[in-house]
2 protein chains.
Amino acid sequence: MAASTLTEVARLAGVSPATASRVLNGSARTPGPDIAERVRKAADSLGYIPNAQAQGLAKSSSGLIGLIVHDIADPYFSAIARGVQTAARHQNKMVLLATTAGSPADERAAVAAFAARRADSIVIAGSRSARTTDQQGNAELAAELDRYCRNGGQVGVVGHAVVGAEADEGYHVVEVPNEELAAELARELAASHAGQFVIIAGPEGLLTSDDRVRGFQRGLADAGLSPADVLHTGFDRTGGYEAGVELAARIGTPNGSGGAGTEAAAPPRLCIFAVNDVMAIGATAALRSKGLRVPRDAAIAGFDDIETLRDFRPALSTVHLPLEEIGRLAVPAGSGHAAAGAVGVTGEVTLRRSTEPGGEAAS
Amino acid sequence: MAASTLTEVARLAGVSPATASRVLNGSARTPGPDIAERVRKAADSLGYIPNAQAQGLAKSSSGLIGLIVHDIADPYFSAIARGVQTAARHQNKMVLLATTAGSPADERAAVAAFAARRADSIVIAGSRSARTTDQQGNAELAAELDRYCRNGGQVGVVGHAVVGAEADEGYHVVEVPNEELAAELARELAASHAGQFVIIAGPEGLLTSDDRVRGFQRGLADAGLSPADVLHTGFDRTGGYEAGVELAARIGTPNGSGGAGTEAAAPPRLCIFAVNDVMAIGATAALRSKGLRVPRDAAIAGFDDIETLRDFRPALSTVHLPLEEIGRLAVPAGSGHAAAGAVGVTGEVTLRRSTEPGGEAAS
DNA sequence: AAGCAGCGGGAATGCGCTTTCCCGTTCTGC
DNA sequence: GCAGAACGGGAAAGCGCATTCCCGCTGCTT
C-alpha cells in the first residue's frame with residue numbers, strides 16, 4: 001500500500017487535483033468551504049501526507065536548513081545545534097545535519113549535498129582552518145558556497161567568514177569576539193596572578209584557536225606582561241590532556257609530597273589558558289593524575305562555558321558564550337531579503353574557582 | 001543564474017538527457033567511454049549538481065534518515081546522534097534532525113514530516129512515556145509509524161518499542177538492558193553500603209526511568225534489602241538538583257560542621273542512585289551547595305556514563321552504555337530486507353569514586 | 001437588458017530526473 | 001552469409017505536486 005497522492009484525494013473528494021492542492025496548502029485562492037471540507041475529509045480518511053519532494057520540485061524550495069558541524073557530540077556544537085533547531089522550528093523547516101570533523105573537503109561535499117537537496121539555507125558552525133594543507137580545500141569550499149549563494153541560497157557562518165568567499169548576497173556571519181574576550185580574560189587574570197602564563201592551543205591555523213591565542217597574548221601585553229608560551233595540540237579533551245601532562249612535568253613535583261630534589265622555594269604558580277573548556281578539562285585531569293591540584297598548584301581557565309561542564313569542580317573559569325543564541329542567529333531569516341552582513345554576540349569573562357588567587361592557600 | 005539541469009548538461013554534451021542521466025549516476029547501463037567523458041566534462045564545466053528532490057521523486061527514495069531526539073544538546077542524545085550520523089555516512093545518506101522534548105504529539109508530527117520527505121528510515125531515540133496523559137499521543141504516534149512502515153519505511157527505536165506499534169516489517173529496536181544493569185548496579189552497591197538507598201527518578205511513566213528504578217529495586221531485593229525511596233523529578237540536571245536539595249535536608253548537617261542539634265552518632269551514609277548521569281551531577285551539585293561531600297556524606301551513582309562527565313570529580317559511578325554504538329545500531333540497514341526484530345547491546349557497571357565505601361574516611 | 005468584472009473550479013503544463021520502451025547498429029553463431 | 005542476439009543511444013512517459021491559464025457562472029453597473 002503506497003502512500004496516497006493528491007490525485008487520489010481529489011478523486012475521492014470528487015474535485016480536481018488543482019482544487020485539492022489549493023485547499024490542502026494555504027494557497028492564495030481558497031475554494032468554497034463545502035468543497036474544502038470534502039477535500040479535507042477525503043485527505044484525512046486516506047491518511048494523505050503530501051510528498052515534500054514533489055512539492056519542493058514544483059515550488060523549488062525545500063523547507064530544509066543544512067547544518068555543518070565538526071562533531072555533533074561535541075557539547076559546543078550540540079549547543080549551537082540546539083539553537084539552530086529552535087530557529088528552524090520557528091520557520092517551520094527541518095534541519096539536515098552533516099558532520100565533517102573540520103575537513104574542508106568534507107564541508108564542500110556537505111554544501112554540495114545541501115545544494116542538491118535545495119536547502120533553503122546553510123549554517124556552517126565549525127571553525128575554519130587556515131593551514132596551508134587546507135588551502136585548496138578552503139578555496140573549493142568557498143567556490144561551492146558562492147555558487148550556492150548565486151543560486152539563491154542563504155548561508156550563515158559562525159565565527160569567521162569562510163576564507164575566500166566573496167560575500168555576495170545572502171551570506172552572513174555571526175561574529176564571535178574571540179580575540180577581544182580572550183584579551184579581557186588575560187587582563188583579568190594578569191591582575192591577580194604573579195606566575196607565568198601558558199596557553200594550550202589547538203592546531204596552528206585553526207582560526208578560532210588562533211584568535212583566542214592572539215587575544216590572550218594581547219591582553220597579557222596590555223597588562224605589561226611578556227607573551228605566554230603556546231602549546232599546540234588537539235582541539236579536544238585528549239589534546240588538553242596531553243598538554244596537561246607536559247605542563248605537569250614542567251611544574252614539577254607538588255609541594256608537600258616528598259619528591260627528591262625539589263627546589264626549596266615554591267615557584268610562582270602557573271596560569272594555564274586552554275582555548276576551550278573541553279581542553280581545559282582534559283588538562284585539569286592530566287594535572288590531577290600527576291598529583292597536582294587546581295587551583296593550588298596551577299590556575300586554569302577555558303573558553304565557551306559549556307553547560308554540561310558547569311558543575312565541574314574546581315569550577316572552571318572561562319568565557320561565557322551564548323552558544324544557543326549563536327546557533328539561532330546563524331540561521332538566515334527565512335523570509336525577506338537576504339540580510340547579508342554580520343551580527344555580533346557578546347560573551348562574558350567568568351572567573352570561578354579554578355583561577356582563584358587564593359588557590360595557593362586553600363586546602 | 002539558476003542551477004543547471006541535467007538537460008542543459010545533455011545539450012552541451014550533445015547527447016540525450018537519458019544518456020546524461022545514465023553516465024552521471026551509476027546506472028546499470030553504462031554508455032560508451034567517449035560519450036561518458038563528454039558528458040562528465042560538460043557537467044563539470046556547468047558545475048552541475050543533480051537535484052536530489054527530482055531524483056527522489058523519480059526514484060521514490062530520498063537518501064534521508066530521520067532522527068528524533070528529545071534534545072540534541074543533551075549529551076546522551078548527541079552521543080547517539082553521532083552514532084547515527086556515522087551509520088548514515090556509511091550508507092551515504094544524510095540525517096534529518098527533529099527535536100521533540102519528548103512530546104508524543106511532536107514526535108508524531110516529526111514522523112509525518114519525515115514521511116513527507118520520504119525518508120528511507122527513521123530513528124527514534126527518546127525514551128517513551130507511558131503516562132496516561134500521553135496515551136492518546138502515543139497511540140497516534142504508533143499509528144503514524146505503522147503507516148510509515150506500511151509504505152515501506154524502516155524504523156529503528158532505541159530502548160523501547162513504541163507503545164502500541166504493531167511491529168510489521170521494517171521495525172526494529174535496539175534493546176538496552178536498563179533493568180538488568182540497574183539491578184546489577186544495585187547489587188554491587190548493596191555489597192558495600194550499609195546505609196539507606198534512595199532513587200532519584202525521572203517523571204513517573206518515563207519508561208527508561210521506570211525500568212532503571214525497577215531494576216534497581218530488584219537488585220536491592222536480590223541483596224535482601226528493602227526497597228529504596230523514590231523521588232520523582234525532572235529527567236535532567238535541574239531535576240537532579242532539586243532532588244539533591246531535598247536529600248541534603250534529609251541527610252542533615254554534615255558531621256564536623258558546627259550545626260545545632262546534630263545527633264551525636266553519624267547516621268549510616270545514604271546511597272543515592274540517580275537514573276541518569278546528568279541528574280546525578282545535578283544532585284551532587286545540590287549536596288555540595290549544602291555543604292555535604294560526596295562520597296563522604298553520601299554515595300551517589302548515575303547511569304549512561306556520559307563522556308563529557310568523565311572527568312568529573314568525584315568520578316561518578318555509573319553504568320556504561322555504548323551510546324554511539326547504540327546510535328549506529330539503531331539505523332536500519334540501508335540495503336537488504338528489513339531486518340525486523342531486535343538487537344541488543346550490553347552495558348557495564350562502572351564503580352568509581354563517588355560510591356567508594358571508604359568515602360566516610362577519606363578527606 | 002446587455003456588458004463586464006470577479007470568482008470558483010478544472011485542464012494542462014512543467015519542475016528535473018529516472019526508466020521503460022523502442023529503434024538502428026554491430027557482433028555472434030550456424 | 002544471414003537470422004537473431006546484444007548493445008548503444010534516444011524518445012517519451014511518468015514521479016506528485018503547484019500554478020498558470022481558461023471557462024462558465026453569478027452579480028453588479030449604466
Side-chain angles (χ1 to χ4, degrees), chain A residues 1-40 42-43 46-63 113 115-120 151-152, chain B residues 1-40 42-43 46-64 112-113 115-120 151-152:
Chain A
M1 183 213 262
S4 48
T5 73
L6 221 213
T7 311
E8 289 172 24
V9 173
R11 190 162 33 219
L12 200 159
V15 300
S16 77
T19 305
S21 169
R22 289 196 261 257
V23 17
L24 293 181
N25 321 317
S27 160
R29 285 179 51 178
T30 316
D34 45 342
I35 292 219
E37 180 59 21
R38 258 209 337 257
V39 171
R40 234 179 300 270
L46 252 47
Y48 170 70
I49 296 182
N51 184 326
Q53 311 223 57
Q55 285 189 158
L57 222 210
K59 295 197 289 200
S60 75
S61 95
S62 61
R117 298 229 139 71
R118 296 299 183 267
D120 298 334
N151 289 342
Chain B
M1 182 215 261
S4 49
T5 72
L6 221 211
T7 310
E8 289 172 24
V9 173
R11 188 161 35 217
L12 201 159
V15 301
S16 77
T19 304
S21 168
R22 289 196 262 255
V23 19
L24 293 181
N25 320 317
S27 160
R29 284 181 51 178
T30 317
D34 46 341
I35 292 220
E37 181 57 22
R38 262 210 333 260
V39 171
R40 236 180 299 270
L46 252 48
Y48 170 70
I49 295 182
N51 184 325
Q53 312 223 60
Q55 284 188 158
L57 185 53
K59 295 198 290 200
S60 76
S61 95
S62 60
L64 254 28
R117 299 226 138 72
R118 296 299 182 266
D120 298 333
N151 289 342

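Chain identifiers are assigned alphabetically (A, B, ...) following the order of the sequence lines, protein sequences preceding nucleic acid strands; residue numbering begins at 1 within each chain. Fair warning: this is a prediction, and the values are worked out from it, not measured in the lab. All values below were derived from every heavy atom in this structure, side-chain atoms included, with hydrogens, water molecules and symmetry-related copies excluded.
- Remark: P of dC15(C) and CZ of R117(A) are 21 Å apart, rounded to the nearest angstrom.
- Between the CG atom of N51(B) and the C1' atom of dG16(C) there is a distance of 6 Å, rounded to whole Å.
- The distance between atom CG of N25(B) and atom P of dG16(C), rounded to the nearest whole Å, is 16 Å.
- To the nearest 0.5 Å, atom CG of residue N51(B) and atom OG of residue S60(A) are 9.0 Å apart.
- Checking K59(B) against K59(A), the closest nucleotide of DNA chain D that is more toward the 5' end is the one next to K59(B).
- How far OG1 of T5(B) is from CG of L46(B): 8.5 Å, rounded to the nearest 0.5 Å.
- For the pair A20(B) and V39(B), the tightest heavy-atom approach, listed with the atom from each and the gap, is CA-CG1, 4.0 Å.
- In this structure, the separation between CZ on R118(A) and CG on N151(A) is 7.0 Å, given to the nearest 0.5 Å.
- The side chain of S16(A) places no N or O atom within less than 4.0 Å of a non-bridging phosphate oxygen (OP1 or OP2) of dA11(C).
- Atom CD in Q55(A) sits roughly 10 Å away from atom P in dT19(D) (whole-Å rounding).
- With hydrogens and angles left out, the side chain of R22(B) and the base of dG10(D) share a donor-acceptor pair within 3.5 Å.
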Inset, instruction - State the dot-bracket string of DNA chain C. Criteria: Watson-Crick or G-U wobble, both atom distances under 3.5 angstrom; notation: ( ) intrastrand, [ ] crossing earlier pairs, | interstrand, . unpaired. - result: ||||||||||||||||||||||||||||||
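- Across all strands shown, L57(B) has heavy atoms under 4.0 Å from base atoms, whether or not it also approaches the sugar-phosphate.
- Closest heavy-atom contact between V15(B) and R38(B): CG1-NH2, 3.5 Å.
- The nearest whole Å value for the distance from the CG atom in L6(B) to the P atom in dG14(D) is 20 Å.
- Nucleic acid contact for T5(A): sugar-phosphate only, since backbone atoms but no base atoms lie under 4.0 Å from a heavy atom of the residue.
- E37(B) has its CD atom 14 Å from the P atom of dG9(D), to the nearest Å.
- The interatomic distance linking R38(A) (CZ) with dG8(C) (P) rounds to 15 Å, in whole Å.
- If you check every strand for non-hydrogen atoms under 4.0 Å, P17(A) touches nothing.
- Applying the side-chain hydrogen bond (donor to acceptor under 3.5 Å, both in side chains) rule to pairs touching residues 10-26 of chain B yields S16(B)-T19(B), sequence neighbours excluded.
- Nearest to the side chain of Y48(A), among dG9(C), dC17(D), dG10(C), sits dC17(D).
- Spacing between atom CG of L24(B) and atom P of dG9(D) amounts to 14 Å, rounded to whole angstrom units.
- The nearest pair of heavy atoms linking D120(B) to S62(B) is OD1-N, 3.2 Å.
- Considering only the side chain of P50(B), dC17(C) comes nearest among dT19(D), dG10(D), dC17(C).
- Nearest-nucleotide positions on DNA chain D for D34(B) and I49(A) put D34(B) closer to the 5' end.
- The heavy-atom pair separating Y48(B) from L6(B) by the smallest distance is CE1-N, 3.3 Å.
- Both T19(A) and A58(B) lie close to DNA chain C; mapped to their nearest nucleotides by heavy-atom distance, the more 5′-ward contact belongs to T19(A).
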